[in-house]
**Q** 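Got a structure for you, written out below as structure tokens; questions coming shortly.
Numbering starts at 1 and runs along the sequence shown. Counting convention: from 1, in listed order, for ligands and their atoms alike. Below, all heavy atoms of this structure are taken into account, side chains as well, without hydrogens, waters or symmetry copies.
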Amino acid sequence: MTRLGILLSGRGSNFLAIHAAIANGELLDCEIAIVLSNRAAAPGLAAARELGLETRAIDGKGLSPTDRDQLFIAALRQARVDLVCLAGYMRIISPAFIAAYPNRILNIHPSLLPAFPGLEAQRQALEAGVETAGCTVHFVDEQVDHGAIILQRAVPVLPNDTVETLSARILTEEHLAYPEAIRRILSSKQQK
Ligand code: GRF
């Protein structure tokens, strides 16, 4: 049984999609061991608590990024986490964190990487005038929104799209993409 550690900063809809896929039996052989947040007030953390999951808020204010990440690493180790899923986690993780979980940290980003890394990816896509947008689940490396791509799902950009309508269309795909990416990783591990 692979133990997942979820890191989030906000709403937590991707976390909830992963949780639902496990609960529905669509994502097998894994469980959510802990949900961590840098923000105690994150709605996603409250949702995790309500679901009876182990949660922790680690603010780390005043600490360097490396020292702060040591607290996250310690919490993940204590929860015996095998695979870390960043799900709307709005902090850049330090090289020490990446080294602690080599090829075992995933992220989801609302663009078809390598296009539009960074903040407001959906706005960037609209401003660039592309016809196709989407989302990417990838392994985390030391560059932001970079690292080997596990899967992508595309959506059309429609003529009257706003940031809100495009984001909502992409988010629907994110909720399918993240569980599917985890499924692929777990099945490739089993074959090894
Ligand atoms: C998603 O769009 C995700 O791709 C990005 O941040 C957003 C998080 O949404 N990294 P949620 O908190 O999972 O609802």
Side-chain angles (χ1 to χ4, degrees), residues 4-24 26-27 30 32 34-51 53 55-58 69 72 83-93 97-98 101 105-128 130 132-157 161-185:
L4 308 180
I6 310 268
L7 267 66
L8 55 79
S9 301
R11 183 173 59 176
S13 71
N14 278 290
F15 145 62
L16 288 170
I18 295 167
H19 181 270
I22 295 171
N24 298 337
E26 290 159 18
L27 183 52
C30 66
I32 296 176
I34 193 165
V35 179
L36 298 175
S37 182
N38 59 313
R39 275 185 61 221
L45 203 59
R49 226 176 282 127
E50 269 168 42
L51 287 166
L53 296 172
T55 62
R56 263 184 75 188
I58 300 174
D69 278 359
F72 279 85
L83 185 66
V84 179
C85 301
L86 308 184
Y89 183 63
M90 299 306 287
R91 268 185 181 168
I92 295 169
I93 67 171
F97 195 157
I98 295 165
Y101 284 90
I105 309 176
L106 312 183
N107 183 43
I108 187 156
H109 183 73
S111 80
L112 296 175
L113 291 173
F116 316 129
L119 294 175
E120 299 203 77
Q122 303 94 331
R123 183 183 302 279
Q124 292 185 55
L126 277 182
E127 286 173 358
V130 293
T132 306
C135 62
T136 304
V137 184
H138 64 97
F139 286 107
V140 172
D141 69 9
E142 294 191 7
Q143 292 179 51
V144 176
D145 299 327
H146 187 268
I149 289 173
I150 300 156
L151 71 85
Q152 300 186 301
R153 291 182 70 94
V155 300
V157 179
D161 263 339
T162 61
V163 171
E164 287 70 31
T165 58
L166 179 59
S167 299
R169 192 173 311 118
I170 294 172
L171 193 63
T172 303
E173 300 305 313
E174 293 187 41
H175 295 163
L176 299 172
Y178 220 151
E180 176 61 26
I182 296 170
R183 198 178 298 122
R184 287 193 196 175
I185 286 164

**Q** Check whether T162 reaches the backbone of T165 with its side chain - one donor and one acceptor, N or O, closer than 3.5 Å.
**A** yes

**Q** So if I only count non-hydrogen atoms and take anything under 4.0 Å from ligand 1, which residues does that give, chain by chain?
**A** R11, G12, S13, N14, G88, I108, H109, P110, E174

**Q** Give a yes or no answer on whether the side chain of H109 reaches the backbone of T136 with a donor-acceptor pair at less than 3.5 Å.
**A** no

**Q** Is D141 reaching over with its side chain to a backbone N or O of Q143, donor-acceptor style, under 3.5 angstrom?
**A** yes

**Q** Taking the six-membered ring where the residue is Trp, are the ring centres of Y89 and F72 under 6.0 Å apart?
**A** yes

**Q** Taking all heavy atoms of A121 and all of F116, pick out the closest pair and write down the distance.
**A** CB-O, 3.5 Å

**Q** Are the side chain of R39 and the backbone of S9 linked by a donor-acceptor contact shorter than 3.5 Å?
**A** yes

